[in-house]
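Have a look at the structure below, then the notes.
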Amino acid sequence: MIRPRSALAAAICLALAACSSGGPLASGDGVFAPGVAGKAQVDNLVVGHRLMAAGEYELALDAYSRAAVVQGFNVDTLSALGSANLRLGRLGQAEGLLRRAAEEAPDFAPAWNNLGVLLMEKGEFAEAAEIFRRAFATDNGNSDEIRENLRLALSKRDAVIYDHAQENQNFELVRRADDDSIEPL
């Protein structure tokens, strides 16, 4: 009769022997399944980019979060996390991440561009136009997408300025008359 403690000890010894360098389960892969170690690790940033392209923003956010665990919060992961949050409509979270990415790497045009997109979503056209200018300059004018974003932002900004000018025409100027009454100017 095998005692329960003896059976447990025997099972542990058998498992340890199997994992040792000479055991039948040892393949040089360590704790990984046979054939897994030594293969390229999945780049969660690339996975996230592909999920974004497929419109799977929540899954992309998960992949970007895993990338941030491995790589840390660098300009790539911050910009990616901000972009996924933007697509999910989480503008407050997205803005903080994108501003941080742009501050950490002032020469990284995608962070500036994506921040500009966020500002357009918020209706802040004047600031978005300036951000797109920065992205366009940082990219040396090479990106058609950034050029188009800048054009649209300037158009929206100018339309807002023009609309305000039209609105101001509805007001009338007044002055004080000689008898202290108010009359149109």
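Along the sequence shown, residues are numbered consecutively beginning with 1. Only heavy atoms go into these numbers, but all of them, side chains included; no hydrogens, no water, no symmetry mates.
- In this structure, Leu88 shares a hydrophobic cluster with Leu45, Met52, Tyr57, Leu61, Tyr64, Phe73, Leu78, Leu81, Leu97, the cluster being traced through Ile, Leu, Val, Met, Phe, Trp and Tyr side chains under 4.5 angstrom apart.
- Applying the under-4.5 Å side-chain rule to Ile, Leu, Val, Met, Phe, Trp and Tyr, the cluster around Phe108 extends to Val75.
- Taking each heavy atom of Leu51 and Ala63 in turn, the nearest pair found is CD1-CB, 4.3 Å.
- Qualifying salt bridge (charged side-chain N to carboxylate O under 4.0 Å, His left out) partners for Glu127, counting only residues two or more places apart in sequence or in other chains: Arg99.
- A donor-acceptor contact shorter than 3.5 Å is absent between the side chain of Ser155 and the backbone of Arg151.
- The distance from the CZ atom of Arg90 to the CG atom of Leu86 is 11.5 Å, given to the nearest 0.5 Å.
- By the side-chain hydrogen bond (donor to acceptor under 3.5 Å, both in side chains) test, Asn149 pairs with Asn113, sequence neighbours left out.
- Asn142 contributes a side-chain N or O that, together with a main-chain N or O of Asp139, makes up a donor-acceptor pair within less than 3.5 Å.
- Annotation for Ala128 and Leu119: closest pair CB-CB, 3.7 Å, computed over non-hydrogen atoms.
- Residues that satisfy the side-chain contact (heavy atoms from CB on, under 4.5 Å) test with Arg133, not counting sequence neighbours, are Glu130, Leu150, Leu154, Arg157.
- The ring-ring contact (aromatic ring centres under 6.0 Å, His included) pairs that include a residue from residues 76-97 number zero, where partners must be two or more places apart or lie in different chains.
- Between Ser143 and Glu148 there is no side-chain heavy-atom pair separated by less than 4.5 Å.
- Here the closest non-hydrogen pair linking Gly82 and Ala94 is O-CB, 3.3 Å.
- Every residue meeting the salt bridge (charged side-chain N to carboxylate O under 4.0 Å, His left out) condition with Glu104, not counting sequence neighbours, appears here in chain and number order: Arg100.
- In terms of the salt bridge (charged side-chain N to carboxylate O under 4.0 Å, His left out) criterion, Glu121 has no residue partners (sequence neighbours excluded).
- A donor-acceptor distance shorter than 3.5 angstrom exists from the side chain of Asn74 to the backbone of Thr77, with no hydrogens or angles considered.
- The closest side-chain donor-acceptor pair between Ser83 and Asn114 falls under 3.5 angstrom.
- In this structure Gln93 satisfies the side-chain hydrogen bond (donor to acceptor under 3.5 Å, both in side chains) test with no other residue, sequence neighbours excluded.
- Under the rule for a side-chain hydrogen bond (donor to acceptor under 3.5 Å, both in side chains), Glu56 has no partner lying at least two apart in sequence or in another chain.
- Among residues two or more places apart in sequence or in another chain, the salt bridge (charged side-chain N to carboxylate O under 4.0 Å, His left out) test is passed with Arg147 by Asp144.
- With sequence neighbours excluded, no residue forms a side-chain hydrogen bond (donor to acceptor under 3.5 Å, both in side chains) with Asp76.
- Residues Ala101 and Ser79 come closest through the heavy atom pair CB-N, 3.9 Å.
- Side chain of Trp112 to backbone of Phe132: no donor-acceptor contact under 3.5 angstrom is found.
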